[in-house]
Amino acid sequence: MKLAEVFAKPKGKINWRVKNDNAWTGIFSVGDREFYFMATRRGVDDSELYPYEDKIDKNDVYAISFAQVDRDPNRKGPKYQTDITGGGKPIDVFNGALVGLQQFIKAVKPRFIQFAAKEPSRMKLYKIMVRKLAGGMGFKLLKTTAGNFLLWNKKSGKSPKELFI
C-alpha cells in the first residue's frame, strides 16, 4: 500500500470504547499489535496553540493522538507508546489512525484539531497528511511551531481570518 492510497481511502476498523462530547477513544489492530486512537477536548496547553493561545478557546480544540498499546502482564494497566517503535507496517498503522480521525471528524465536527510530532520523519509525514487530507475534510492549517499542527474546520462557523497562514 502506498502513502497516496492511505490518504485517498483509509481502511480499517476502530472498536470505539468512548464516544462523548469530551473524548472519543478506540482500539485498532495492525497484525498482532493494538493501537489506541484518542481525540480529547481540553487536552492542549498553551505551547501547543502558540501563537494563538490567547485567541482560541481551548474548549474548541480536540487533541488527536494514537499510540501502541503495551500490555505488560507485570504492570497494572496498559502502557501507551507514542514513539516510533520499529514494529513494522507504519503505513498500516497510520491508515488505522486516519480511519479513526475521519470517523471522529464526521460525527463530532470539531472546530479545531491539534496534533504533534516529535520525530523529524513524523513531522514530514504529518505535513504531507495536512496538505493531502485536511483540505478534503474541510480543514485549514494554521501556522504554529515546528512539530505542532493546528487545523481549523472551515465548516465550523465564522472564519478566524487573523489565524490563517
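Given the structure is predicted, the values throughout are model-derived calculations rather than measurements. When reading the values below, keep in mind they use all heavy atoms of this one structure, side chains included, and skip hydrogens, waters and symmetry mates.
Here the CD1-CG distance, from Ile105 to Leu98, works out to 9.5 Å after rounding to the nearest 0.5 Å. From Ile27, atom CD1 reaches atom CG of Asn15 across 8.0 Å, with rounding to the nearest 0.5 Å. With rounding to the nearest 0.5 Å, the separation of CG in Asp60 from CD in Gln114 is 14.0 Å. Here OH of Tyr50 is found 14.0 Å from CG of Leu150. Values are rounded to the nearest 0.5 Å. Atom NZ of Lys154 is separated from atom NZ of Lys140 by 6.5 Å, given to the nearest 0.5 angstrom.
Taking each heavy atom of Leu142 and Ile56 in turn, the nearest pair found is CD1-CD1, 4.4 Å. Taking each heavy atom of Ala97 and Phe66 in turn, the nearest pair found is CB-CD2, 3.5 Å. Closest approach of Val44 to Lys58, counting heavy atoms only: O-CD, 3.8 Å. When all heavy atoms of Leu101 and Met137 are compared, the pair lying nearest together is O-CE, 4.3 Å.
Partners of Ser47 by side chain to side chain donor-acceptor pair (under 3.5 Å), not counting sequence neighbours, listed by chain and number: Asp45. Remark: Asn20 pairs with Val18, Asn22, Ala23 by the side chain to side chain contact (heavy atoms under 4.5 Å, CB included) rule, at least two apart or across chains. For Asp21, the side chain to side chain contact (heavy atoms under 4.5 Å, CB included) partners are Arg41, not counting sequence neighbours. Considering only residues two or more places apart in sequence or on other chains, Gln103 meets the side chain to side chain contact (heavy atoms under 4.5 Å, CB included) condition with Ile14, Trp16, Val99. Phe139 is linked by a ring-ring contact (aromatic ring centres under 6.0 Å, His included) to nothing, counting only residues two or more places apart in sequence or in another chain. Here Phe115 pairs with Tyr126, Phe149 under the ring-ring contact (aromatic ring centres under 6.0 Å, His included) rule; sequence neighbours left out. Residues passing the ring-ring contact (aromatic ring centres under 6.0 Å, His included) test with Phe104, sequence neighbours excluded: Trp24, Tyr62.
Remark: the backbone N or O of Pro110 is paired with a side-chain donor or acceptor of Asn153 at under 3.5 angstrom.
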